[in-house]
Chemist: 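Before anything else, here's the structure in question.
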Amino acid sequence: MRLRNVKGSREAIAANEFVIHNEEEAKGGWNRIFGNTNPIHIEIGMGKGQFIMELAKTNPNINYIGIEKFSSVLIRAIEKQEEEQLPNLRFIRMDAENIENVFDNAEVDYIYLNFSDPWPKDRHAKRRLTSSQFLKRYVNILSKNGGLTFKTDNRALFDFSLEQVKLSGWKLINVTYDLHHSPFCEGNIMTEYEKRFSDMGNPICRMVCTP
Ligand code: SAM
């Protein structure tokens, strides 16, 4: 994601009704924010929000929360949501490292990770959103039947993630190294990065797993 500073994005985010501002105060009370007890699905590192917005439109009985670290990226998702006004979609600007301060035990039903930053240096491995450190955090917020889907075109990151999932005792439900030419492709919603990389001819890897 290109991180050009977008002038005024912080101020626009601070004033936006679809962004949850004191997210730690929402812990344990997300149902109240949405005004219903529908399941909660989150996307961590959602970028400009194309994927989560499509999901929210397709599944009005699921509540979606898009998490993004950078204001300059989040602002693009907010602009789209201002047009769409989807009642089942909210955003948080935060670093996912603090995710356990924002969601209570079992408060989240599903996690999506799409084209997460690879952090290629070994010494940064624990920053990868599929590292065992992150998986441990996810276990604490996922509901009993909760799960996670991860897509990337980065084979090294995918192999690392498979290893971490196994080491952490998670169960792999399915794995593909070429999603777009696999039976799992039906109903697939493309992310912005997925479109870009598959247009370049890169195969897309995807895993579905549960704690
Ligand atoms: N998911 C989008 C897609 O597939 O098109 C964007 C992918 S982009 C490569 C990764 C995004 O994750 C960036 O917008 C980045 O700011 C965000 N990100 C990376 N680490 C994060 C973290 N620890 N917490 C929240 N967002 C994060």
Side-chain angles (χ1 to χ4, degrees), residues 1-6 9-10 12-13 18-21 23-24 26-27 40-57 64-81 89-103 108 110-121 123-138 140-141 148-158 160-161 164 176 179-180 184-185 187-200 202-208:
M1 190 65 56
R2 276 178 81 189
L3 295 175
R4 217 181 286 129
N5 190 29
V6 177
S9 56
R10 269 189 181 258
I13 288 167
F18 295 108
V19 180
I20 304 305
H21 300 289
E23 63 273 8
E24 296 193 6
K27 182 173 175 171
I40 293 177
H41 293 193
I42 67 175
E43 184 187 6
I44 303 177
M46 70 157 177
K48 296 177 186 168
Q50 183 173 307
F51 172 83
I52 199 164
M53 204 157 285
E54 201 54 45
L55 277 181
K57 268 193 245 178
Y64 291 93
I65 302 168
I67 294 172
E68 172 53 50
K69 190 159 59 167
F70 290 110
S71 306
S72 53
V73 186
L74 173 59
I75 191 71
R76 300 302 175 214
I78 290 172
E79 285 165 358
K80 283 182 234 155
Q81 170 66 337
L89 178 62
R90 297 289 187 283
F91 304 115
I92 310 173
R93 190 186 63 77
M94 66 175 281
D95 189 320
E97 263 185 27
N98 300 319
I99 199 118
E100 290 159 291
N101 299 332
V102 172
F103 297 104
V108 172
Y110 210 83
I111 298 175
Y112 293 97
L113 303 174
N114 292 316
F115 297 80
S116 308
D117 293 342
W119 293 106
K121 291 186 180 140
R123 67 189 157 87
H124 291 149
K126 64 174 189 294
R127 296 186 192 172
R128 297 174 193 151
L129 293 179
T130 50
S131 66
S132 58
Q133 288 86 349
F134 269 98
L135 293 174
K136 213 182 279 175
R137 295 177 180 123
Y138 304 152
N140 289 331
I141 63 167
L148 178 152
T149 293
F150 171 52
K151 291 196 276 191
T152 183
D153 70 320
N154 184 316
R155 185 60 193 264
L157 177 63
F158 193 68
F160 165 86
S161 306
Q164 296 291 291
T176 172
L179 174 64
H180 295 178
F184 303 120
C185 193
N188 179 52
I189 293 176
M190 291 243 248
T191 79
E192 195 192 347
Y193 271 63
E194 182 171 356
K195 170 119 187 42
R196 187 184 303 171
F197 290 128
S198 59
D199 283 352
M200 287 163 59
N202 296 2
I204 306 301
C205 305
R206 191 193 79 167
M207 68 171 79
V208 175

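As a basis for the values below, the full set of heavy atoms in this structure was taken, side chains included, without hydrogen atoms, waters or symmetry mates. One-based numbering, in listed order, for ligands and for the atoms of each.
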Chemist: Looking at Asn114, which atoms of ligand 1 are within less than 4.0 Å of one of its heavy atoms?
Modeler: 1 (N), 2 (C), 4 (O), 7 (C)
Chemist: Can a donor-acceptor pair be found between the side chains of Asn114 and Glu194 at a distance below 3.5 Å?
Modeler: no
Chemist: Does Lys151 have a heavy atom less than 4.0 Å from any atom of ligand 1?
Modeler: no
Chemist: List ligand 1 atoms under 4.0 Å from Phe115, heavy atoms only on the residue side.
Modeler: 4 (O), 7 (C), 8 (S), 9 (C), 10 (C)
Chemist: Suppose I only count heavy atoms of Phe70 and a 4.0 Å limit; which atoms of ligand 1 are within that range?
Modeler: 16 (O)
Chemist: Should we count CZ of Arg10 as having more than 12 external heavy atoms under 6.0 Å?
Modeler: no
Chemist: Taking atom NZ of Lys80 as the centre, does the number of heavy atoms from other residues, nucleotides or ligands within less than 6.0 Å exceed 12?
Modeler: yes
Chemist: Under a 4.0 angstrom heavy-atom cut-off, which atoms of ligand 1 come close to Glu192?
Modeler: 5 (O)
Chemist: State the atoms of ligand 1, each with its element, that fall below the 4.0 Å cut-off from a heavy-atom position in Glu43.
Modeler: 1 (N)
Chemist: Would you call Glu79 and Arg76 a salt bridge, using N to O less than 4.0 angstrom?
Modeler: yes
Chemist: Strictly under 4.0 Å, does any heavy atom of Met94 approach an atom of ligand 1?
Modeler: yes
Chemist: At a 4.0 Å threshold, what atoms of ligand 1 neighbour a non-hydrogen atom of Asp95?
Modeler: 22 (C), 23 (N), 24 (N)
Chemist: Has ligand 1 got any nitrogen or oxygen that is less than 3.5 angstrom from a nitrogen or oxygen of Glu97?
Modeler: no
Chemist: Quick check: does Phe134 get an N/O under 3.5 Å from an N/O on ligand 1?
Modeler: no
Chemist: Run through Ile92, Ile20, Val108, Ile44 and flag the one making a side chain to side chain contact (heavy atoms under 4.5 Å, CB included) with Ile65.
Modeler: Ile92
Chemist: Check whether NZ of the Lys or CZ of the Arg Arg137 lies under 6.0 Å from the centre of the six-membered ring of Phe134 and within 45 degrees of that ring's axis.
Modeler: yes
Chemist: Hey, which atoms in ligand 1 end up nearer than 4.0 Å to a heavy atom of Asp117?
Modeler: 9 (C), 10 (C), 15 (C), 19 (C), 20 (N)
Chemist: Just distances here: any N/O of Thr191 and N/O of ligand 1 closer than 3.5 Å?
Modeler: yes
Chemist: Ring-plane angle category for Tyr64 and His41, please: parallel below 30°, perpendicular beyond 60°, tilted otherwise.
Modeler: perpendicular
Chemist: To the nearest 0.5 Å, what is the distance between OG1 (Thr149) and CE (Met207)?
Modeler: 10.0 Å
Chemist: Yes or no: does Met46 have any heavy atom under 4.0 Å from an atom of ligand 1?
Modeler: yes
Chemist: Using a 4.0 Å cut-off to any heavy atom of Ala96, which atoms of ligand 1 qualify?
Modeler: 22 (C), 23 (N), 24 (N), 25 (C)
Chemist: Would you say that Tyr138 contacts Leu113 through its side chain, given a criterion of any heavy-atom pair below 4.5 Å between the two side chains?
Modeler: yes
Chemist: Select the closest option to atom 15 (C) of ligand 1 among Arg76, Lys69, Met190, Glu68, judged by heavy-atom distance.
Modeler: Glu68
Chemist: Can you tell me which residue among Leu129, Asn140, Ile42 is in a side chain to side chain contact (heavy atoms under 4.5 Å, CB included) with Ile99?
Modeler: Ile42
